Amino acid sequence: MSTIDSDHDGEERRDSTSTFGDYGGQYVPEALMPAVQELEDAYERYVLENEDGFMDEFRRRMREFGGRPTPLQRADRLSDRYDRDIYLKREDLVHGGAHKLNNALGQVLLAKYMGKERIVAETGAGQHGTATAMAAAHLEMPCEIYMGRTDINRQRPNVYRMRMNGAEVNPVDAGSGTLKEAINETMRDWATTVETTHYVIGSIVGPHPFPKMVRDFQAVIGQEARDQVREATGRLPDSVVACAGGGSNTMGTFHAFVPDESVALYAVEAGGSSLEIDADAGLAPNSATLSTGTDGVLHGAMTRLLQSDEGQIMESHSVSAGLDYAGVGPELAHLVESGRVTPVTVDDDAALEAFHRLSELEGVIPALESSHALGYLEHHHEDLGDLVVVNVSGRGDKDLETVLEETEKRDLEAAPDVEVFDG
Amino acid sequence: MSREPQVGGDDGRVQASGTKSDGGSDSDVESAIRQNRPALITYITAGDPSLEATGEYVEALDRGGADLIELGLPFSEPIAEGPTIQAAINRSLEAGTTPAAFFDLVDGLDTDAPILVMTYYNMILQFGPEADVRPFVERAADVGLSGIIVPDLPAEEAGPLRAACDEHGLDLVFIVAPTTEGERLDRIMSRVTGFAYVQARLGTTGARADVSTATHDGLARLTEYDVPKAVGFGVSEGDHAAEIVEAGADGVIVGSALVDIVADHGADGDAPAAADLEAKARELKAGARRGTTDDRAEDTPEPEQP
Ligand SMILES: Cc1ncc(COP(=O)(O)O)c(C=O)c1O
């Protein structure tokens, strides 16, 4: 637990458990500090030490309610196309259609153990909101979700799903109406209701202990995949590829492989429409935080950010709502700085092509977020070695409207015309 | 503006360095509160609707009896702010307010009341070429700012900023929330300089119709600490100020109610907005004085000669 410690030259000293190298920390309003520390304590007891059998119950519910374990599937046509073994970790098959439930169920259950009475959460794509709403219904917790207006408009099906599960969805009109504004508003709610409410943050972002705790709930992805790939092939993969927004599916997939030095780890960020930023307009037409960002503090943590020279956070962009965020988890920022994780980008066009390609070749419709990870294979498979694991973080049903619209605007390879019936 | 001790304005306010019983010297901020008790602390967002207007508003607040003036340097993600100040921050950012221009404005101001900057930590980190708090603090000291308030910087993370502020003689004000308790409360109170910013209620900034019971509770558990206490978050009327001072506060902090006045006047007509701000400051200061039970307000010390 971090403390205010004055023994050291009169300067406060932070305990290294709240940071990853220079990244992380607890930059939150004072009103939230006691709650954050209460959460640290609960995290240590229930998650790390399995007090009261918390982790056993979590794993049981993830099996029975969540559908774990998910398969690791050899993608035969992709393997032929790229002339190497490509395995897909099928997180799209988790209940709700994305890896998000791993974390949401863990945190809602933890909130119950902590005696909290109400859940709030932000959502970007609506996947985390959906997962939280499902977990809250499953565990009988009242739940409110904050979602940016732009995201509400581009992710309708998820809005309805949340409401079906009994959650209230509060639109956020500030700024560009995406994930960053939704997080701001959820923090404001939490700062008001902190005594009874737990904030289920949706990625490995926010103040300590969220980045570690969310990673631990998501780490099951990589633990399963590592066992499964060894069982299928007798060895570790040469590379592991996952998309990165905040980075929860990313670190969830990577965590078990971090000590395996022979395994290259690729975090694929949204290249959007361009990697150039328009500093005057405060716009970054991408969400390539790890690849192009600079160090700063946002939403409770020191991390990499898309920001102006003066420190104003930029409006990011990606065709996929779930990657559209100007920050990233502090642990990923640290692993990129230390060289363990390689950040790369895939732009909107390439992600859309990958979406169509996987749908047509393998019969799996991936989320637009996951399509970024898949898109990286197209031009860079030769760098990835003979055995590659790609995390399919979610399924693409929620994205069909966006994909149809965005495909129409472009001349894409591998895009079928689904509106025209011949015959 | 000058940081030299100087004689206060026409209402007998004093800006002078006091002397503590331990021989240490009070800062500008601390003496502004102690010597003008009950103190009025006003907040407006710099650059709303323009930095020129802010200059006039600051002078109006100073004339109206503000003993300390907080200026908000806008940040794009103001998570501690309610709708009123969020909107002010948006107007300021749309007007193109930058930290450099903000500092230039402050450099040209001449007020009796010491000025503090209130901003989010990332703005402080990014002022220099690298992520480092020191260039900001150095510039703040250069232009005569007296202190810094950072709503997203708890004491646990404040080491580097505390050190830089100490080096440049600036106060670093910490917020004490209704949820702050026990050992953390002790440590925070022992590290505060200037004054303790007592958050009247959970939640975000914004004018409210009443004074929360959390205010009374909050002040009651702070009596044992010999640090000036000022209460903010929701204070909007003279009667609130009176009630808060009666409950034991050394000062009241008013933000959203003043920002509302600025917003109502819009971009045109700086002069009427300034007049209304000055009148509102007088109302609040008079309210605060009504709250003193032991006539301390009438007991204001004679202006000291520099
Ligand atoms: C399917 C899917 N993948 C990835 C992400 C990105 O989040 P993270 O980077 O935290 O995994 C999201 C976010 O909504 C998502 O829905």
Side-chain angles (χ1 to χ4, degrees), chain A residues 1-6 8-15 18 22 25-38 174-175 180-181 183-195 207 280 282 294-300 302 305 307-315 326-327, chain B residues 74-83 86-87 90 93 96-100 119-127 129-131 136 150-163 166 174-184 186-188 190-191 197 199 201-204 233:
Chain A
M1 195 174 280
S2 43
T3 54
I4 321 170
D5 183 342
S6 64
H8 248 65
D9 310 330
E11 257 200 61
E12 282 100 54
R13 183 162 50 113
R14 299 191 328 192
D15 193 309
S18 73
D22 293 335
Q26 295 179 314
Y27 298 88
V28 294
E30 171 58 28
L32 290 178
M33 275 308 280
V36 159
Q37 294 194 335
E38 182 192 350
K180 157 168 97 58
E181 290 78 22
I183 296 179
N184 291 346
E185 207 52 39
T186 318
M187 288 213 162
R188 292 185 187 113
D189 180 312
W190 198 34
T192 313
T193 58
V194 61
E195 289 160 319
D280 291 337
T294 51
D295 292 354
V297 167
L298 177 65
H299 295 148
M302 172 77 77
L305 302 176
Q307 60 182 333
S308 72
D309 286 347
E310 276 126 22
Q312 308 296 354
I313 308 304
M314 300 224 173
E315 298 299 344
Chain B
F75 174 51
S76 58
E77 319 303 321
I79 57 165
E81 250 65 66
Q86 280 180 50
N90 287 341
L93 289 174
T97 305
T98 62
T119 195
Y120 288 76
Y121 194 50
N122 199 49
M123 296 304 295
I124 295 174
L125 274 178
Q126 306 305 332
F127 187 67
E130 314 256 292
F136 184 98
V150 192
D152 62 344
L153 188 71
E156 280 82 349
E157 301 290 358
L161 188 59
R162 170 84 276 165
D166 288 347
F174 288 121
I175 292 171
V176 176
T179 45
T180 310
E181 286 174 344
E183 217 182 318
R184 291 195 67 254
D186 283 343
R187 295 222 191 89
I188 291 169
S190 72
R191 266 168 199 62
Y197 189 130
Q199 186 180 329
R201 58 186 85 222
L202 285 175
T204 52
F233 275 51

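The chains referred to below are lettered A, B, ... by the order of the sequence lines, with proteins before strands, and numbering in each begins at 1. Quantities reported herein were computed from a predicted structural model and do not represent experimental measurements.
Side-chain contact between B/Leu125 and B/Glu130 is absent, with no heavy atoms from C-beta onward closer than 4.5 Å.
Ranking B/Gly82, B/Ala80, B/Ala131, B/Pro99 against chain A, the residue ahead of the rest is B/Pro99, based on heavy-atom pairs under 4.5 Å. Between chain B and the residues A/Glu195, A/His299, A/Met187, the largest count of heavy-atom pairs under 4.5 Å involves A/Glu195. For chain A, the option among B/Ile124, B/Val150, B/Asn90, B/Thr98 with the highest count of heavy-atom pairs below 4.5 Å is B/Thr98.
For chain A, no part of B/Phe127 is nearby; none of its heavy atoms comes within less than 4.5 Å. Only the side chain of A/Leu298 comes within contact range of chain B, with heavy atoms under 4.5 Å apart. Only the backbone of A/Asp309 has a heavy atom closer than 4.5 Å to any heavy atom of chain B. When heavy atoms are compared at a cutoff of 4.5 Å, B/Gln86 approaches chain A solely by way of its side chain, counted from C-beta outward. Heavy atoms of B/Pro178 lying under 4.5 Å from chain A are absent altogether. For chain A, the nearby parts of B/Pro78 are the backbone and the side chain; heavy atoms of each come within less than 4.5 Å.
For the side-chain hydrogen bond (donor to acceptor under 3.5 Å, both in side chains) test, residues two or more places apart in sequence or in another chain that qualify with B/Asn122 are A/Gln307, B/Gln126. Scored by the side-chain hydrogen bond (donor to acceptor under 3.5 Å, both in side chains) test, A/Glu185 finds A/Arg188 as partners (sequence neighbours excluded).
The aromatic rings of B/Tyr197 and B/Phe233 stand perpendicular to each other, their planes meeting at an angle above 60°, with 30° marking the opposite boundary.
Residues A/Ser18 and A/Gln26 bring no donor and acceptor atom of their side chains to less than 3.5 Å of each other.
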- [ ] Tell me, with the steps shown, if A/Met33 and A/Val28 meet side chain to side chain contact (heavy atoms under 4.5 Å, CB included).
- [x] CA-CA 7 Å; A/Met33 275 308 280; A/Val28 294; 3.5 Å; yes

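Without hydrogens or angle criteria, B/Gln199 side chain to B/Arg201 main chain gives a donor-acceptor distance under 3.5 Å.
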